[in-house]
2 protein chains.
Amino acid sequence: MGKQTTEMLKGTLEGIVLAILAVSPAYGYEITARLREEGFSDIAEGTVYALLVRIEQRGLVDVEKVPSEKGPPRKVYTINAQGGAYLEEFWGTWSFLAERIEQLHQRIEQRTNEEGE
Amino acid sequence: MGKQTTEMLKGTLEGIVLAILAVSPAYGYEITARLREEGFSDIAEGTVYALLVRIEQRGLVDVEKVPSEKGPPRKVYTINAQGGAYLEEFWGTWSFLAERIEQLHQRIEQRTNEEGE
DNA sequence: TTCTGCTATTCAGTGTTGCTATCTACCGGT
DNA sequence: ACCGGTAGATAGCAACACTGAATAGCAGAA
């Protein structure tokens, strides 16, 4: 994965994971798998587990231990009210940023085209 | 500024500044001002200067000292070929991320609406 | 002159975050 | 008994944005 991607994920990965949990509860290993399905192919497992610990400590998710047929018990994470509020805020922040950047992008594309004419 | 915004800026602010420089060369103080105009109202000056040092050391910009009528000489930054390439990559990375997140967002909005019906 | 205010840059220290690498642990099949 | 897949935890590292303060030059007011 590019270094740019890594840095850009900072601050967004948390929201992405919460968004995934908003679709349906999941445990760490599963979340990693879903991330890969979503196209985030190279997110390290360690990263996800560390992130889950963080959002649990902040009280954004509820946790339940569920025995697994295969391997050790799973920690299933469910987004709660506080997490929902945080996610709402996340979308707001994201939209703000995305709009400004999109504007900049378009302004430059325009400039580049004008130069070419 | 919200903590979410701060974290989200990581990895994007660099691209944003390069994008601003792609529109036209500028010096630090001016860049801060432009950022505020663009809507990034609370970015600290110290942050911008530190970032400029970084991109200069990576050779993404050319620097020229220009005397100022007011205050100390200005360091005018111009984006160069390498910086242009980096910026191209930035747009790619950004588009990738923005698409995935937008997808997730829409999936959740949809789900929420279905629930309400 | 001295002080204040604006322009302009620099720097040390801090906190958050994602990555790497490694470790533990449980289970089924060979 | 061993290995591969499932599942989770952790220590150390690097990158980045923020805070707060210091430095520096010049103009006009007190």
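On a predicted model such as this, the values are computed, not experimentally measured, just so you know.
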Once you round it to whole Å, what is the distance between [atom2] of [N] and [atom1] of [X]?
{"X": "R36(A)", "N": "dA7(D)", "atom1": "CZ", "atom2": "P", "result": "13 Å"}
{"X": "L51(B)", "N": "dT19(D)", "atom1": "CG", "atom2": "C1'", "result": "17 Å"}
{"X": "E45(B)", "N": "dC18(D)", "atom1": "CD", "atom2": "C1'", "result": "13 Å"}
{"X": "Q4(B)", "N": "dC18(D)", "atom1": "CD", "atom2": "P", "result": "15 Å"}
{"X": "R74(A)", "N": "dT24(C)", "atom1": "CZ", "atom2": "P", "result": "23 Å"}
{"X": "K75(B)", "N": "dC11(C)", "atom1": "NZ", "atom2": "C1'", "result": "13 Å"}
{"X": "R54(A)", "N": "dT16(C)", "atom1": "CZ", "atom2": "C1'", "result": "7 Å"}
{"X": "Q57(B)", "N": "dA14(D)", "atom1": "CD", "atom2": "C1'", "result": "15 Å"}

Does any donor-acceptor pair link the side chain of K10(A) with the base of dT17(C) at a separation under 3.5 Å?
-> yes
Please check the phosphate of [N] (OP1 and OP2 only) for any side-chain N or O of [X] closer than 4.0 Å.
{"X": "K70(B)", "N": "dG5(C)", "answer": "no"}
{"X": "S68(B)", "N": "dT7(C)", "answer": "no"}
{"X": "T6(A)", "N": "dG18(C)", "answer": "no"}
{"X": "Y27(A)", "N": "dG8(D)", "answer": "no"}
{"X": "Y49(B)", "N": "dT10(C)", "answer": "no"}
{"X": "R58(B)", "N": "dA15(D)", "answer": "no"}

Per [X] side chain, nearest of listed nucleotides [options]:
{"X": "L13(A)", "options": "dT6(D), dG18(C), dC18(D)", "value": "dG18(C)"}
{"X": "K3(A)", "options": "dA15(D), dT16(C), dA7(D)", "value": "dA15(D)"}
{"X": "Y29(A)", "options": "dT20(C), dA7(D), dA8(C)", "value": "dA7(D)"}

Same hydrophobic cluster for V63(B) and V23(B), using side-chain heavy-atom links shorter than 4.5 Å among ILVMFWY?
-> yes
Is there a path of hydrophobic side-chain contacts, each under 4.5 Å between heavy atoms of I, L, V, M, F, W or Y residues, that connects V66(B) with V53(B)?
-> no
Say whether Y29(B) and E45(B), considering side chains only, have a donor N or O and an acceptor N or O under 3.5 Å apart.
-> no
Compute whether any side-chain donor of one residue and acceptor of the other, for T12(A) and R100(B), lie under 3.5 angstrom apart.
-> no
Starting at the 5' end of DNA chain C and moving along, which residue's nearest nucleotide shows up first, T12(A) or G71(A)?
-> T12(A)
Between P72(A) and E14(A), which has a closest nucleotide on DNA chain C that is more 5'?
-> E14(A)
Y77(B) vs E64(B), side-chain hydrogen bond (donor to acceptor under 3.5 Å, both in side chains): CA-CA, chis, key distance, verdict | CA-CA 7 Å; Y77(B) 294 84; E64(B) 193 192 358; over 6 Å; no
Should the pair F40(A) and F96(B) be assigned to parallel (<30°), tilted (30 to 60°) or perpendicular (>60°) ring geometry?
-> perpendicular
Sugar-phosphate, base or nothing in reach of G46(B), heavy atoms under 4.0 Å | base
